Amino acid sequence: MSSLHLYNTLSRKLELFQPITEGHVGIYICGPTVYGPPHLGHVRGPIVFDVLRRYLIHNGYNVRFVRNITDVGHLVGDFDGGEDKLLKQAKVEKLEPMEVAQTYTNAYNAVMDKMNIIKPSIEPRATGHIIEQIEMIQAIMDAGLAYTINGSVYFDVIAYNTNNNYGVLSGRILEDLQSGHDAISSGPNFVPSQGRALESQNEKRNPSDFALWKKASPEHLMQWNSSWGKGFPGWHIECSAMSAKYLGAYFDIHGGGLDLLFPHHEAEIAQGIVAHKHTPAKYWIHHNMITIAGQKMAKSLGNGVLAEQLFNGSHALLDQPYSPMTLRFFVLQAHYRGTLDFSNNALLAAQKAWQRMQSAINLIDNLKVVDGKGSMEVDDIVLGIRESMNDDLNTPQVIAHLFELCRRINLVNDGKDQISLRVKTLVQQLRDDVCFGFLGLILDDKSNSDGLNDAMQILLDLRKNAKKENNWVLGDQIRDALKEKGFEIKDTPEGTVWKL
RNA sequence: GGUCGGAUGGCCGAGCGGCUAGGCACGGGUCUGCAAAACCCUUUACAGCGGUUCGAAUCCGCUUCCGACCUCCA
């Protein structure tokens, strides 16, 4: 494919990417609800869309990338009678709701930085856009597609569905949904979780309706004035209001996890069509979930692995810590639309693979070139990488091509193949544009501290002397002891090199 | 119960009508004081049963398992 194609959930097809305005791309990503520390599931989306963003920039586009922070409105438990997630956590931790939001926003962004994810162009918060949300709710009211009950406002899905299709994105049929509501609450598989607020459920005209504005009880810590009384915005409206504010009523790409497809994104489309008279986005991109033992990783299932636990190796499933770049590499080794199963073995394999790639990368600049034409070429790799990226961001294939490149680099390094200056320059370009470029990988750099370097040199000199005197026992002792601490020693014709 | 996806070698994961990725692990070799690294070689998998086709892991049907969504989730 000579140009970028993306799988659009809206059409369920691979589509040629063509921006609405030539040369510019607007992207909106549903960010986290900040009520807990970031886990592995929170990391996949940002990586996937970071690669998309970098690739678009690589292709010369001007990209505005908006990723929100949801710090109000998201309800805990089932149905709209649940408690606000932020509020609940605030009570648990005896903190201001804003303090909770700030704490976990910081934690989230710290992980983003470690993963080498470019910061959003704009990072709007739901609480900072209450007015915009109220205005949008009013517009929906004015259009006659929302109704007020007891100080709350609900979107009238049934009425909307008469002239529109509530289900364009998720492929759902409203009638099925209706019967689904019955079946789910009476069927054999229905398991009621926490307390279901029946009053709130009943005040909606229809189970499919969703809240635009919720009335706040007096003790509710987060509430704002509105013409419907004191309350707080519903979950879906914040993304609609903020995306429209910063990207316009119609923008290029809306992304998020597959689990947000319904009802969140479906609701966003309905809200956008009613309030802004336009479907919000041209391309809807959804990444799949990270699973653990075949099941979705989710906070509610209690099988989550925190990012921090991965980085320090403290989780029971892990034998050791893994670096942020190992995680990034691990994520990119799978296609974004498939599930990715997490395990210590899978992480270990990714770590070794990434180390192998780094070793080859480190050889590039010192590769000896031959005059004229060398036998090593990379044109097929350059082409292959472009084709793979253009085919719905097939990063696993890109990485496979990169490993073929590593093989050739090693061959040249071993003197078994020859490279010309021209091709060497191309290889350096590939490293900078692909690996460090749109894949966003950076070398794990643990061996650069000066003091460490000096100390290592002393040990290596000792070992060299021991070897000179044929004292292999001492020499191996030094090497093995270092190895035990994670230092890898390599004897090469040019001298001994080490890495951590 | 409804809707939508999956089942690929020891493991992770691409491919989606013929040329049958890649990584990790395993085995053999070159190199080396021994290692490590690197390189080379070896190992033909696509849930089961039918069907379409000159040809199917790839298309169609049935069966069996698994998952996601339908209720908060990245």
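Chain identifiers are assigned alphabetically (A, B, ...) following the order of the sequence lines, protein sequences preceding nucleic acid strands; residue numbering begins at 1 within each chain. If you're wondering where the values come from, they're calculated on a predicted model, not measured in any experiment.
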Reference residue A/L6; test side chain to side chain contact (heavy atoms under 4.5 Å, CB included); the match among A/I253, A/L16, A/L14: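 Of the listed options, the one satisfying the test is A/I253.
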From B/A68, B/A14, B/C12, nucleotide with atom closest to A/K296 side chain: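 Selected nucleotide: B/A68.
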Nearest-neighbour nucleotide for the A/F262 side chain, B/C69, B/G13, B/G67 considered: B/C69
Watson-Crick or G-U wobble partner of [N], both distances under 3.5 Å:
{"N": "B/A45", "result": "none"}
{"N": "B/C34", "result": "none"}
{"N": "B/G1", "result": "B/C70"}
{"N": "B/U52", "result": "none"}
{"N": "B/G9", "result": "none"}

Protein-nucleotide distance ([X], atom [atom1]; [N], atom [atom2]), rounded to Å:
{"X": "A/E387", "N": "B/A14", "atom1": "CD", "atom2": "C1'", "value": "15 Å"}
{"X": "A/R172", "N": "B/C4", "atom1": "CZ", "atom2": "P", "value": "10 Å"}
{"X": "A/I381", "N": "B/A21", "atom1": "CD1", "atom2": "P", "value": "16 Å"}
{"X": "A/L258", "N": "B/C70", "atom1": "CG", "atom2": "C1'", "value": "13 Å"}
{"X": "A/R12", "N": "B/G5", "atom1": "CZ", "atom2": "P", "value": "7 Å"}
{"X": "A/D391", "N": "B/G15", "atom1": "CG", "atom2": "P", "value": "7 Å"}
{"X": "A/R337", "N": "B/C4", "atom1": "CZ", "atom2": "P", "value": "17 Å"}
{"X": "A/M389", "N": "B/A14", "atom1": "CE", "atom2": "P", "value": "15 Å"}

For [X], answer base if it contacts any base atom (sugar-phosphate contacts may also be present), sugar-phosphate if it contacts only those atoms, and nothing otherwise; contact means non-hydrogen atoms under 4.0 Å.
{"X": "A/A353", "answer": "sugar-phosphate"}
{"X": "A/N470", "answer": "nothing"}
{"X": "A/M357", "answer": "nothing"}
{"X": "A/K352", "answer": "sugar-phosphate"}
{"X": "A/G257", "answer": "sugar-phosphate"}
{"X": "A/L347", "answer": "nothing"}
{"X": "A/H264", "answer": "nothing"}

Upstream residue (5' side of RNA chain B) when A/D341 and A/F403 are each assigned their closest nucleotide: A/D341
Given RNA chain B, 5'-ward residue of the pair A/Q333 and A/A349, judged by closest heavy atom: A/Q333
Between [N] and [M], how many Å separate the two [atom1] atoms, rounded to a whole number?
{"N": "B/A45", "M": "B/U52", "atom1": "C1'", "value": "24 Å"}
{"N": "B/C39", "M": "B/C46", "atom1": "P", "value": "29 Å"}
{"N": "B/A38", "M": "B/C16", "atom1": "P", "value": "30 Å"}
{"N": "B/U44", "M": "B/C4", "atom1": "C1'", "value": "33 Å"}
{"N": "B/G55", "M": "B/G18", "atom1": "P", "value": "15 Å"}
{"N": "B/U43", "M": "B/G28", "atom1": "P", "value": "16 Å"}
{"N": "B/G9", "M": "B/C70", "atom1": "P", "value": "31 Å"}
{"N": "B/A25", "M": "B/U63", "atom1": "P", "value": "42 Å"}

Ring-face cation contact, A/F49 with A/R67, 6.0 Å cut, 45° max: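 No, cation not above the ring by the 6.0 Å, 45° rule.
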If only side-chain N and O atoms count, and only distance matters, is there a donor-acceptor pair under 3.5 Å linking [Y] with [X]?
{"X": "A/S343", "Y": "A/D341", "value": "no"}
{"X": "A/N288", "Y": "A/T339", "value": "no"}
{"X": "A/Q397", "Y": "A/H401", "value": "no"}
{"X": "A/Y322", "Y": "A/N344", "value": "yes"}

A/K215 atom NZ, neighbour heavy-atom count above 12 within 6.0 Å: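 Open.
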Per-nucleotide protein contact string for nucleotides 30-39 of chain B (B base, S sugar-phosphate only, - none; heavy atom under 4.0 Å): ---BBBBSSS
Separation between CG of A/L212 and CD of A/Q271, rounded to the nearest 0.5 Å: 5.5 Å
Check against side-chain contact (heavy atoms from CB on, under 4.5 Å), A/I409 and A/L405: CA-CA 6 Å; A/I409 290 169; A/L405 180 64; 4.0 Å; yes
Close side-chain approach of A/L340 to A/F330, heavy-atom, < 4.5 Å: yes
Below 4.0 Å: OP1/OP2 of B/G5 and any side-chain N or O of A/N288: no
